[in-house]
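Computed from a prediction, not measured in an experiment: that's the story for all the values here. Just so it is clear, the values below take in all heavy atoms, side chains as well, and ignore hydrogens, waters and symmetry mates. Chain naming here is simple, since letters A, B, ... match the order of the sequence lines and numbering starts at 1 in each.
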Amino acid sequence: MAKKILLLDGNSLAYRAFFALPLLTNEHGIHTNAVYGFTMMLQRILEEEQPTHMIVAFDAGKTTFRHETFSEYKGGRQKTPPELSEQFPYLRKLIDAYRIKRYELPNYEADDIIGTLSLEAERAGDEVIVISGDKDLTQLASPSTTVYITRKGITDIEKYTVEHIKEKYGLTPEQIIDMKGLMGDASDNIPGVPGVGEKTALKLLAAHGTVEGVYEAIDQQKGKLKEKLEANKDLALISKKLATIERQAPIEIAVDELSYGGPDQDELVKVWNELAFKSLLEKMEYTAEETEKEELTFEVLSEIDASILEDEMAVHLELYDEQYHTCDLLGVSLATAEKTYVIPMDVIKESQAFKDWFKDDTKKKYMSDSKASTAAFFRCGVEVDGVDFDLMLGAYIVNPSLTYTDLANIVQEYGYSEVSQNEQIYGKGAKKAVPADAVLHEHIARKARTIWAVRPLVLNKLQENEQYDLYRNLELPLATILGAMESLGVTVDKEQLLAMGEELSGKLVKIESEIHSLAGEEFNINSPKQLGMVLFEKLGLPVLKKTKTGYSTAADVLEKLNGQHEIISHILLYRQLGKILSTYIEGLLKEIHEDGKVHTRFQQALTTTGRLSSINPNLQNIPVRLEEGRKIRKAFIPSFPGWVMVAADYSQIELRVLAEMSKDERLIEAFKNDRDIHTTTAMDVFHVPAEEVTGDMRRAAKAVNFGIVYGISDYGLSQNLNITRKEAQAFIDRYFASFPGVKGYMNDVVAGAKKNGFVTTLMNRRRYLPDITSSNFNLRSFAERTAMNTPIQGSAADIIKKAMIDMADALEREGLKTRMLLQVHDELIFEAPPEELEKLKELVPQVMEHAVELNVPLKVDFAFGDTWYDTK
DNA sequence: CCAGTCACG
DNA sequence: ACGTACGTGACTGGT
């Protein structure tokens, strides 16, 4: 079979891409534009050309045999920008992931490798495509070789065939060399004949064919041109030699070794992920979808015979979108080893047999995202019990770093691809719609099948990692509890919010006009761009910090400028109040359901540490630190008149967890004696007795404690405390001298992460940190801080989750009407009838403090009041 | 759809 | 030398 060989000029293409595209960076600050452009070009070429053989050639080192001829060759070139150099390792990784050969040869340029290979291929009668950003390469064109040169962008290509070169220059490909000899090439510092440009060179070659031909007939020239040619004959010949691609380079690789069989998909996904090439990743998943699925037979039921409902079944409830508290329910599917059923919603709603089976806890249901299904079923009067498996939660425990939004993506991790992505079925954006029943039913059917098929794989993995207990006895029961909390919702006093909104709007109008008059112009204060112009250009305030796109106007910068201009304090106030109005008044009002409540969704399979997150609305970031914002909490009220809101929060849970995990004696002792931990830290760091610890010292010590939990760095601490790095480092040193156990623990946990590739929490939650061995300082440092932080944050999350399960049990066991409403990482919020308060004061701290037994006591503060605001 | 900002633990 | 504190979600402006 005839070969189709692609020869790529790696350096030239990388340069082209780098200068053609804006300086993109991924989330770690690595520039990616050259690699991105290269990838786009590669994708397109692969698709269009379907090559059988490929290679990417690179230049090796700084000097080549050409320097022996002309030492200034490529002289005067700008040094490769560091933003580009840093991309070459990724480029090589990328090429390897494509399973494309790479090659470089000391003393030779990529051109020569390509020239040599193309000659070999031509002799064998194979088709060749050369791809570069450098027009020099067009000299390689021949009847069987086409040279693709990138234009302007990187995917826009000009194809140089022999004919095209003839048309464009009136030259043969070989004469391209002669042209360079005469006119030179500024980018490679090839001199040519001074004063001869493209026009003259073409004219001369049209008449005489080659550089040598021109000189043989030199007497036909006259005047200035003749003088210039005669004076620079050597230069012209040297230039021609320099521009000539070596086609007999001593390469140790042959065309036969270049066969291309497609990329290593897994590796490619890894590299793209690392580079954060989201659009490419999505596209790949999309095409992966198109692979043929095995045929599935299933039955669509118009009524449910109780005999089909078995003791163990995979169950799936298809929802139209993520907002399961309000969205449409599209149908149910059931699967066992042999059978698959699809049941339309109207059939479900009518079927007593189904409802009975569903609330029978002896009938095991295998589901994925059981919380979503349970909450949605709840809305149409179907109660759920007996959830025995949750695919999404299981997979999340196995690896919390992946995204868990679509079943198809989750099971792909387990090598299963018999289910489509929702986007494939419904489309997205404005085009989203429910498809015809035939399509919809098959999609739903495949979901139950998927759960049945992948369940054993997930369970195996959980067992293998010793995480089954965490999954089965913590996350799975928690899902039910969270579902109940969400469905109950929290009552919001709409009138209160509206009244606060009125008042705030008025204030904001005044502040706005004040700011405009101080600025001497009207502008949008909410636009950092416009604000930056006003502050730093018009008013000439000093620029202390910049962002990627311009001046930083963040609060910490403005704080430092406060006092330098009257406008600053007004802007800070405007920001503060504007945030309250837009997010916490207007935003919250939009989330109130018909029942007068907000029903947040706790995402249980999202964070990498094991925490929950809260959305629509986010009830985990309701203001509390500043009084103006805190007033928002007055709008969160009990669901019944006379009831009270209750808040119970863990005191210093993360530092207690640190004490437990590090076994640091001094830290444990401090907590055993219930000392103020920040004051204790201050005593150690500043070497003073308790009574001499000032407010500032305590504040600094508090920042150090935070730093320790976050994975300390001198820079981070210095930023936070507004001190120098040296001073920050001194604090850290003294902290570690006082708490040697903590220091040892931090070292151990990073070492463990390097050895195992992951870190774990108290309950064996796991987080993989592949970057911990990266040669990139940024990535590695980030992974190291994460290694220190995740066990602490994650163990605290484990503990409160366990407390929630125990709390739900206790409320049930004690027959209390009190209900748990919210979790905010280290606190639980309830609403309670007043007569249960006395009991709760004992019970809640008791349960929370003994969710786990550690060497360090856990401490819970209990508070109650008429509104959330008053729980203090 | 991203960047900047800011709310929480 | 490198340049950042850990984990989230919502809103606004601007492409």
Side-chain angles (χ1 to χ4, degrees), chain A residues 22 24-25 27-30 82 86 276 278-279 400 429 523-532 545-558 571-572 575-576 578-588 590-591 600-603 606-626 629-630 632-633 649-650 652-654 703-704 706-721 725 728 732 767 775-794 796-797 800 822-827:
Chain A
L24 313 164
T25 50
E27 72 264 40
H28 303 298
I30 308 285
E86 72 186 18
K278 287 187 193 132
S279 57
F523 67 101
N524 188 340
I525 307 164
N526 282 320
S527 161
K529 195 175 167 188
Q530 294 181 33
L531 180 60
K545 198 164 108 185
K546 289 194 134 198
T547 67
K548 264 183 273 180
T549 51
Y551 311 114
S552 171
T553 66
D556 63 326
V557 176
L558 298 187
I571 291 166
L572 285 166
R575 283 254 180 90
Q576 190 198 332
K579 176 84 176 178
I580 297 170
L581 183 63
S582 67
T583 303
Y584 297 104
I585 293 181
E586 292 167 352
L588 201 56
K590 285 189 204 123
E591 297 285 351
T600 188
R601 276 144 49 222
F602 288 109
Q603 305 216 99
L606 184 140
T607 72
T608 46
T609 55
R611 275 191 177 181
L612 302 175
S613 95
S614 161
I615 56 171
N616 298 127
N618 180 354
L619 295 182
Q620 290 181 320
N621 72 346
I622 302 299
V624 66
R625 290 171 192 170
L626 300 172
R630 190 174 199 153
I632 292 293
R633 296 184 171 220
D649 69 286
Y650 282 109
Q652 304 295 351
I653 188 164
E654 291 192 338
V704 173
F706 268 100
I708 294 292
V709 168
Y710 292 157
I712 195 92
S713 78
D714 53 0
Y715 184 85
L717 184 63
S718 73
Q719 288 297 299
N720 192 289
L721 282 176
R725 255 165 73 162
I732 295 166
R767 177 175 180 181
S775 57
N776 179 299
F777 176 86
N778 264 344
L779 292 178
R780 189 178 64 250
S781 302
F782 184 45
E784 287 171 356
R785 292 196 298 274
T786 311
M788 296 186 251
N789 172 262
T790 295
I792 300 173
Q793 192 183 117
I800 193 165
L822 296 174
Q823 186 250 48
V824 191
H825 310 306
D826 65 354
E827 66 180 335

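Rounding to the nearest 0.5 Å places CZ of Phe777(A) at 8.0 Å from CD of Glu784(A). Here the straight-line distance linking atom CG of Leu531(A) with atom CD1 of Ile571(A) works out to 4.5 Å at 0.5 Å rounding.
For Phe523(A), the ring pair (Phe, Tyr, Trp, His ring centres under 6.0 Å) partners are His516(A), not counting sequence neighbours. In this view, Asp714(A) and Arg725(A) satisfy the salt bridge (charged side-chain N to carboxylate O under 4.0 Å, His left out) rule, not counting sequence neighbours. Partners of Ala554(A) by side chain to side chain contact (heavy atoms under 4.5 Å, CB included), not counting sequence neighbours, listed by chain and number: Ser552(A), Asp556(A). Partners of Lys529(A) according to the side chain to side chain contact (heavy atoms under 4.5 Å, CB included) rule, which considers only residues two or more places apart in sequence or in another chain, are Ser527(A). Shown here are the side chain to side chain contact (heavy atoms under 4.5 Å, CB included) partners of Phe602(A), two or more places apart in sequence or in another chain: Leu482(A), Met485(A), Glu486(A), Thr600(A), Leu612(A), Ser614(A), Gln620(A), Leu822(A). Every residue meeting the side chain to side chain donor-acceptor pair (under 3.5 Å) condition with Arg601(A), not counting sequence neighbours, appears here in chain and number order: Asn616(A). Here Glu827(A) pairs with nothing under the side chain to side chain donor-acceptor pair (under 3.5 Å) rule; sequence neighbours left out. The side chain to side chain contact (heavy atoms under 4.5 Å, CB included) test applied to Arg785(A) returns Ser781(A), Phe782(A), not counting sequence neighbours.
Spacing of C1' atoms, dC6(B) relative to dG3(C), comes out at 23 Å, to the nearest Å. Comparing dT5(B) with dT4(C), their P atoms are spaced 14 Å from each other, to the whole Å.
At the heavy-atom level, Gln530(A) lies under 4.0 Å from the strands shown only through sugar-phosphate atoms. Ser713(A) comes within 4.0 angstrom of a nucleotide base, judged by non-hydrogen atoms across all strands. Nucleic acid contact for Gln793(A): base, since at least one base atom lies under 4.0 Å from a heavy atom of the residue. No engagement by Ala787(A) is indicated, since no non-hydrogen atom pair under 4.0 Å with the nucleic acid exists. Residue Asn720(A) is classed as a base contact, given a heavy-atom separation below 4.0 Å to a base. Residue Val824(A) is classed as a sugar-phosphate contact, given heavy-atom separations below 4.0 Å to backbone atoms only. Within 4.0 Å (heavy atoms only), Arg630(A) reaches no atom of the nucleic acid at all. In this structure, Gln603(A) reaches the sugar-phosphate backbone alone: every heavy-atom distance under 4.0 Å involves primed, P, OP1 or OP2 atoms, never a base. No contact: Gly711(A) has no heavy atom under 4.0 Å from any strand.
Within the structure, a side-chain polar atom (N or O) of Thr549(A) is placed less than 4.0 Å from OP1 or OP2 of dG4(B).
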(request) State the dot-bracket string of DNA chain C. Criteria: Watson-Crick or G-U wobble, both atom distances under 3.5 angstrom; notation: ( ) intrastrand, [ ] crossing earlier pairs, | interstrand, . unpaired. (result) .....|||||||||.
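Comparing His825(A) and Tyr715(A) against DNA chain C, the residue whose closest nucleotide sits nearer the 5' end is Tyr715(A).
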Distances under 3.5 Å only, N/O to N/O: pair up the protein atoms with those of nucleotides 5-7 of chain B.
residue: dT5(B); atom: OP1; partner: Thr553(A); partner atom: N; Å: 2.6
residue: dT5(B); atom: OP1; partner: Thr553(A); partner atom: OG1; Å: 2.9
residue: dT5(B); atom: OP1; partner: Ala554(A); partner atom: N; Å: 3.4
residue: dT5(B); atom: O3'; partner: Arg575(A); partner atom: NH1; Å: 3.3
residue: dC6(B); atom: OP1; partner: Arg575(A); partner atom: NH1; Å: 2.8
residue: dC6(B); atom: OP2; partner: Ala555(A); partner atom: N; Å: 2.7
residue: dC6(B); atom: O2; partner: Lys579(A); partner atom: NZ; Å: 2.7
residue: dA7(B); atom: O4'; partner: Tyr584(A); partner atom: OH; Å: 3.4
residue: dA7(B); atom: N3; partner: Asn621(A); partner atom: ND2; Å: 2.9

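Residues Leu619(A) and Leu588(A) come closest through the heavy atom pair CD2-CD1, 4.4 Å.
Sorted by first and then second residue, the pairs that involve residues 608-620 of chain A and meet salt bridge (charged side-chain N to carboxylate O under 4.0 Å, His left out), not counting sequence neighbours, are Arg611(A)-Glu654(A).
Put simply, chain A comes within 4.0 Å of DNA chain C, heavy atom to any atom, from dC2(C) to dT15(C), going 5' to 3'.
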